[in-house]
Engineer: 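Structure below; questions to follow.
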Amino acid sequence: MKNTREMRTWLDDLSLNHPLVIAGPCSAETEEQVLKIAHELKDTDVSYFRAGIWKPRTRPGMFEGVGALGLKWLQKVKAETGMKTCTEVANAAHVKLAIEHDVDLLWIGARSTVSPFIMQELADALAGTDKIVLVKNPVNPDLALWLGGIERLYNAGIKNLGAIHRGFSTYEKTKYRNIPEWQIAIEFQNKFPDLPLINDPSHITGKRDMVFDVCQTALDLNFDGLMVETHYDPDNAWSDAAQQITPKALVQMMVDLKIRKESDPEAKFNHELSNLRAKIDVVDNQIIDLLAKRMQVADGIGALKKSKNVAVLQSKRWNEILGKMVLQGEEKGLSEEFILKLFKAIHQESINHQEQVIKD
Ligand code: PEP
Ligand code: MN
C-alpha cells in the first residue's frame, strides 16, 4: 500500500468535529425501534447511524437480525434525520443489497476479518466502490490478519477505508468482554498512520458503565472516532443488552470526554505520552499476571512440601536463584540492588503463600 495519505480523504472531507461518532443499536429490531433511536440521535454529534441487519451470533438459536427488510428502515432514517447510515456486511449478497439501498458506510465484522476467504469475497464484491468500508479487528489478537484484510480491500481499488478496534477474545475471564490489547491498535496505527481508526468501546467492554473510560483512552491515543451501541431501552435490546447506552447518555458522554484536537500544539506530545503510557500499562498488567502465576506455583510447592513434611525455607536453592537473577538482570541493564530488592520481596510473598498452604 503506497499512497496511504489519500486514505484520510474521506474523513477529512466530512469536515466534522473530531471525533467521528457512529451510534445506533446493536441490531435493528423493528421499524419503530430504529426510527425512535435515530430521531433521538438527530442533531447530536452523531454523523453515522449504525444498526446490524445481519447479526453474526456465536451460538445458533439467538436473534440473527431482521435481514434485508431492515435496509428499508435505514433508508427512512436517512430521509427523516439526514444522518448517514451504516451496517455490517459479511458476504457478497449483503454487499449488493446494502449498496442498492444506499447504505453509506459498510463495516466488516470481527468474525469475518479472521477469514481470508471471506475478506477476499468481500473485496471482490466491493471492488471499486466509493462507499466507506471499515474493517474491524479479527476476534483473535492477530495484527497480520487485520492488516491483510485492509490490504485485500485496498488492492480491490477501495479507497475510502478505515479500521475499527473492537478488542480481542481471550480464554481467560477478564473485566472486558474483549480485551483491548491497546498495543495492537498502536502497532496498527504505526503501520497505517493515515488510515482512520475508530474505537468500539461497546464490544470491548460488554458493560455500559465501562464505556466512558475506554472512549477516553481511545481519544488519548488519537483515535479518529467512536462507534457506540445506543438504544432507548438498552436492557430490553434483542442483542448486546448489557453494553448499550441511551442516546441521552451518549450526548452526556460526548460533553464529559476530554477531546483533544489534532491541531492542538500539544497533541503530538500528548499522543506520544499516551502511547508510552499505554505500553507501560500493558507491561504492568503482564507483571501482575506473571507474579500471580508464580504464587500459584509456590502454592503447589507448599502442598508438595506439606505432604512430605519438608521445611518451607531452603536457603541453598534460594541463594542459587538469586545469583542467577542478578547475572541475568545485569545483562539486561538492571542493577544488582534492584534485583536483590525485587526478588527478596517476591521470595517473601512465595514463603507467605507456602506457609498459608501448610497451615490450611
Ligand atoms: C456489532 O458491531 O454489532 C458486532 C457484531 O461487532 P463485532 O463484529 O465487533 O463482534
Ligand atoms: Mn453488538
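All figures in this text were calculated on a predicted structure; none of them were measured in a lab. Atoms within a ligand are numbered from 1 in the order they appear, just like the ligands themselves. Residue numbers count from 1 along this sequence.
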Engineer: Keeping the roles fixed (side chain from Arg166, backbone from Pro201), state whether a donor-acceptor pair exists under 3.5 Å.
Structural biologist: no

Engineer: Residue-level breakdown please: for Glu88 versus ligand 1, do any non-hydrogen atoms fall below 4.0 Å on the side chain, on the backbone, on both, or on neither?
Structural biologist: side chain

Engineer: Tell me which N, O or S atom of Asp240 sits nearest to the Mn ion (ligand 2).
Structural biologist: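 Looking only at N, O and S atoms of Asp240, the one nearest the Mn ion (ligand 2) is named OD2.
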
Engineer: Number the atoms of ligand 1 from 1 as they appear, then name those within less than 4.0 Å of a heavy atom of Arg111, with their elements.
Structural biologist: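 Matching atoms, with element in brackets: 7 (P), 8 (O), 10 (O).
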
Engineer: Counting only N and O atoms by type, is there a donor-acceptor contact under 3.5 Å from the side chain of Lys76 to the main-chain atoms of Leu35?
Structural biologist: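 No: the side chain of Lys76 does not pair with the backbone of Leu35.
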
Engineer: Once the angle between the rings of Phe343 and Trp318 is folded into 0 to 90°, is it parallel (under 30°), tilted (30 to 60°) or perpendicular (over 60°)?
Structural biologist: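 Phe343 and Trp318: tilted rings.
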
Engineer: Has ligand 1 got any nitrogen or oxygen that is less than 3.5 angstrom from a nitrogen or oxygen of Met227?
Structural biologist: no

Engineer: Can you tell me if Cys26 contacts ligand 1 (heavy atom of the residue under 4.0 Å from the ligand)?
Structural biologist: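 It does, in that a heavy atom of Cys26 comes within the 4.0 Å cut-off of ligand 1.
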
Engineer: So if I apply the side chain to side chain contact (heavy atoms under 4.5 Å, CB included) rule between Ile22 and each of Trp107, Tyr48, Phe49, which one comes out positive?
Structural biologist: Tyr48

Engineer: Within ligand 1, which atoms have a heavy atom of Lys55 less than 4.0 Å away?
Structural biologist: 1 (C), 3 (O), 5 (C)

Engineer: I need the nearest protein heavy-atom contact for atom 8 (O) of ligand 1: residue, atom name and distance, please.
Structural biologist: Ala110 N, 2.9 Å

Engineer: Answer yes or no: is there a donor N or O on one side and an acceptor on the other, between the side chain of Lys42 and the main chain of Glu80, under 3.5 Å?
Structural biologist: no

Engineer: Tell me: protein heavy atom nearest atom 6 (O) of ligand 1, and distance?
Structural biologist: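 Minimum-distance protein heavy atom for atom 6 (O) of ligand 1 reads Lys136 NZ, 2.9 Å.
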
Engineer: If only atom types and distance count, is the side chain of Asn160 paired as donor or acceptor with the main-chain N or O of Asp130 below 3.5 Å?
Structural biologist: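 Looks like yes, one N/O pair under 3.5 Å.
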
Engineer: Provide, to 0.1 Å, the distance between atom 4 (C) of ligand 1 and the closest protein heavy atom, together with that atom's residue and name.
Structural biologist: His203 NE2, 3.5 Å

Engineer: Report yes if some N/O of Asp200 lies less than 3.5 Å from some N/O of ligand 1; otherwise report no.
Structural biologist: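 Between Asp200 and ligand 1, no N or O pair is found under 3.5 Å apart.
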
Engineer: By atom name, which N, O or S atom belonging to Glu229 lies closest to the Mn ion (ligand 2)?
Structural biologist: OE2

Engineer: Just which atoms of ligand 1 are under 4.0 Å from any heavy atom in Arg50?
Structural biologist: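 By the 4.0 Å cutoff, the relevant atoms are 1 (C), 2 (O), 3 (O).
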
Engineer: Is any N or O atom of Glu229, backbone or side chain, closer than 3.5 Å to an N or O atom of ligand 1?
Structural biologist: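 The answer is yes, given that Glu229 and ligand 1 share an N or O pair closer than 3.5 Å.
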
Engineer: For Arg166, counting its heavy atoms only, list the atoms of ligand 1 lying under 4.0 Å from any of them.
Structural biologist: 7 (P), 9 (O), 10 (O)

Engineer: Side chain to side chain donor-acceptor pair (under 3.5 Å) with Asp200: which of Arg50, His165, Lys136?
Structural biologist: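 Answer after filtering Arg50, His165, Lys136: Lys136.
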
Engineer: Are the side chain of Gln244 and the backbone of Cys26 linked by a donor-acceptor contact shorter than 3.5 Å?
Structural biologist: yes

Engineer: At what distance, to the nearest 0.5 angstrom, does CE of Met295 lie from CD of Gln354?
Structural biologist: 9.5 Å

Engineer: State, to 0.1 Å, how close Ala218 and Leu226 come at their nearest heavy-atom pair, and which atoms those are.
Structural biologist: CB-CD2, 4.4 Å

Engineer: Could you tell me which atoms of ligand 1, counted from 1 in the order shown, lie closer than 4.0 angstrom to a heavy atom of Gly109?
Structural biologist: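 Every atom of ligand 1 under 4.0 Å from some heavy atom of Gly109: 8 (O).
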
